[in-house]
Amino acid sequence: MIRVQREDFDVGAEMAAMSGNNIGALASFTGLVRGSDGDADIGAMTLEHYPGMTEKKLAEIEAEARERWPLEDCLVIHRYGRLEPGERIVLVITASSHRQAALESCAFLIDWLKTSAPFWKLEERGADGEEWVEARSSDDQAAEKWAATKK
Amino acid sequence: MIRVQREDFDVGAEMAAMSGNNIGALASFTGLVRGSDGDADIGAMTLEHYPGMTEKKLAEIEAEARERWPLEDCLVIHRYGRLEPGERIVLVITASSHRQAALESCAFLIDWLKTSAPFWKLEERGADGEEWVEARSSDDQAAEKWAATKK
Amino acid sequence: MKLLYFAWLKQKIGTGEEDFPLPADVATVGALVDWLKTRGPGYGEALGDLSVVRFAVNQDFAGLDHPLADGDEVAFFPPVTGG
Amino acid sequence: MKLLYFAWLKQKIGTGEEDFPLPADVATVGALVDWLKTRGPGYGEALGDLSVVRFAVNQDFAGLDHPLADGDEVAFFPPVTGG
C-alpha cells in the first residue's frame with residue numbers, strides 16, 4: 001500500500017497493522033528532517049511533489065518490490081508540505097516470512113524512491129534564505145545497484 | 001543499548017526514544033514467531049538463552065556496529081521464554097544521520113546476532129512433539145558476508 | 001496540452017501550470033523546450049542547463065526525444081530529492 | 001569449575017549445571033569432552049557428534065584446543081538459533 005499525505009504517521013501503529021498469514025520479519029525505514037547538514041544548520045523544509053505522478057511512481061516501485069521478493073505486506077508513506085527538524089518524512093515497512101526478503105526489499109524501496117519519486121526539498125537555511133536541495137549522485141548509485149541485481 | 005528480557009516491547013515507543021542530535025534515518029528489524037515453516041504448522045516456541053554470555057555477546061555486537069558505522073543511537077532487544085505465533089522475539093533499531101549507515105548496521109546486527117548470540121529455539125510441533133530448531137547455514141553465510149567487508 | 005513546472009523551474013518560469021494547444025512543428029520534448037525558450041527570459045533561465053532538468057510525459061519519465069501529442073501532460077522539474 | 005549445558009545437551013545430560021574441580025590431566029576443552037564422555041551414556045549421547053556442539057569458556061566462544069584453568073566457566077550448546 002502507498003500513501004502520499006500531509007499528515008504525520010504512527011510507525012508503531014502502521015507496523016502493527018501489517019497483515020499476513022506468516023510474517024516472521026518486519027523491516028522498516030523512517031526518514032526524518034535533520035537539524036544540520038555538515039556545518040550548516042537547517043531550519044524547516046518544504047516538500048513539493050507532483051500529485052498524480054508521485055502516487056503512480058510509488059505504486060510502480062511497490063509492485064517491483066513485491067515482484068522481486070516474497071512479501072506478505074508492504075507499506076510506503078511519503079509526506080509533503082512544510083516539516084520541522086525531527087519530523088518524520090517517509091516510512092517504508094516490509095513484511096515477509098524471512099529476514100533477508102524484508103531487509104532487502106526495505107532498502108530497495110527507500111533507495112529507489114529517492115531517485116524515482118517526484119519530490120523536491122526546499123530547505124530554510126536561516127540568513128542564507130531558502131535553497132532547493134540538490135540530488136546526490138550517491139542516491140543514483142544506490143538505486144543503480146538494485147538495477148544491476150534485477151532478476 | 002541492549003536488553004535481554006522476558007517481556008514484550010513496544011516498537012513505536014522504542015523508536016521514539018532513540019536519541020541523537022542529528023537523526024535523519026531510523027532503520028528497524030522486528031523478528032516474530034511464525035505460524036508455519038514450509039508445510040509444518042508451528043505452535044508456540046520457547047527461547048532458551050545463556051544468561052550472562054547473551055548480554056556480553058549482544059554488547060560486543062553493538063560495539064562492533066558503532067565502530068563500523070556512524071550511529072547516533074542503537075538498540076537491540078531480545079526476548080526469552082515461551083512465545084506464541086505472532087509474538088515479537090527480537091528488535092533492532094539503528095539511528096544515523098544517513099540512510100545507508102542505518103540500513104546496513106541494522107542488517108549487520110540482526111545477521112550477526114543470529115550466529116553469535118546464545119539463544120536456542122524449542123518449537124512445539126503439535127503431534128510431532130517438541131523439536132529444537134537447527135541452525136541454518138544461510139545464517140552463517142549472512143554473517144560471514146559482514147566479516148568479509150570488515151573495514 | 002498541459003505543462004507543469006516544479007521546484008525552482010516553477011519559480012524561474014513564474015507559474016506552475018499552463019494549458020495550450022501543441023504548437024505546430026513541435027513533435028518532441030526537445031522541440032518543446034526550444035519553443036518554450038522563445039517565450040521569455042524566465043523560460044530561458046529555467047531551461048538553459050538541461051543537465052539539471054528532468055522531463056515527464058503523462059507522468060512517466062521521458063527523454064528529450066520523446067514524441068508529443070496534443071493533450072499530453074508534460075512536466076519539467078529538477079532531479080528528485082525525496083525520501 | 002562450572003559446567004553449563006543448554007538446549008538438547010541439557011536434556012541428554014539431564015542437568016543444566018555442574019560444579020567440580022578441574023580433573024587432573026584435563027588441560028583443554030577437548031580433553032574435558034573426552035573426560036565427560038566417561039561419566040555416563042547421557043554425556044556420550046550429547047557429545048558424540050561434536051560437529052553440532054559449540055563451546056564457550058568464560059562466556060566467549062572457544063575451540064576444542066582452548067586451554068582450561070580451574071575456576072573457568074565452560075558451556076556446551078548447539079549452534080545458536082536466536083533472532
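The chains referred to below are lettered A, B, ... by the order of the sequence lines, with proteins before strands, and numbering in each begins at 1.
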Is any NZ, NE, NH1 or NH2 atom of the basic residue among C:Arg39 and C:Glu18 found under 4.0 Å from an Asp or Glu carboxylate oxygen of the other?
yes
Which bit of A:Glu134 is near chain C, if near means a heavy-atom gap under 4.5 Å: side chain, backbone, both or neither?
backbone
Atom group of C:Asp60 that falls short of 4.5 Å from chain A, counting heavy atoms:
both
Between C:Phe6 and A:Trp120, how do the two ring planes meet: parallel, tilted or perpendicular, split at 30° and 60°?
parallel
Any ion pair linking A:Glu87 and A:Arg79 (charged N to carboxylate O, less than 4.0 Å)?
yes
Relative to each other, are the rings of A:Phe119 and A:His78 parallel, tilted or perpendicular (30° and 60° limits)?
parallel
Please state whether the side chain, the backbone, both or neither of A:Lys121 comes within less than 4.5 Å of a heavy atom of chain C.
both
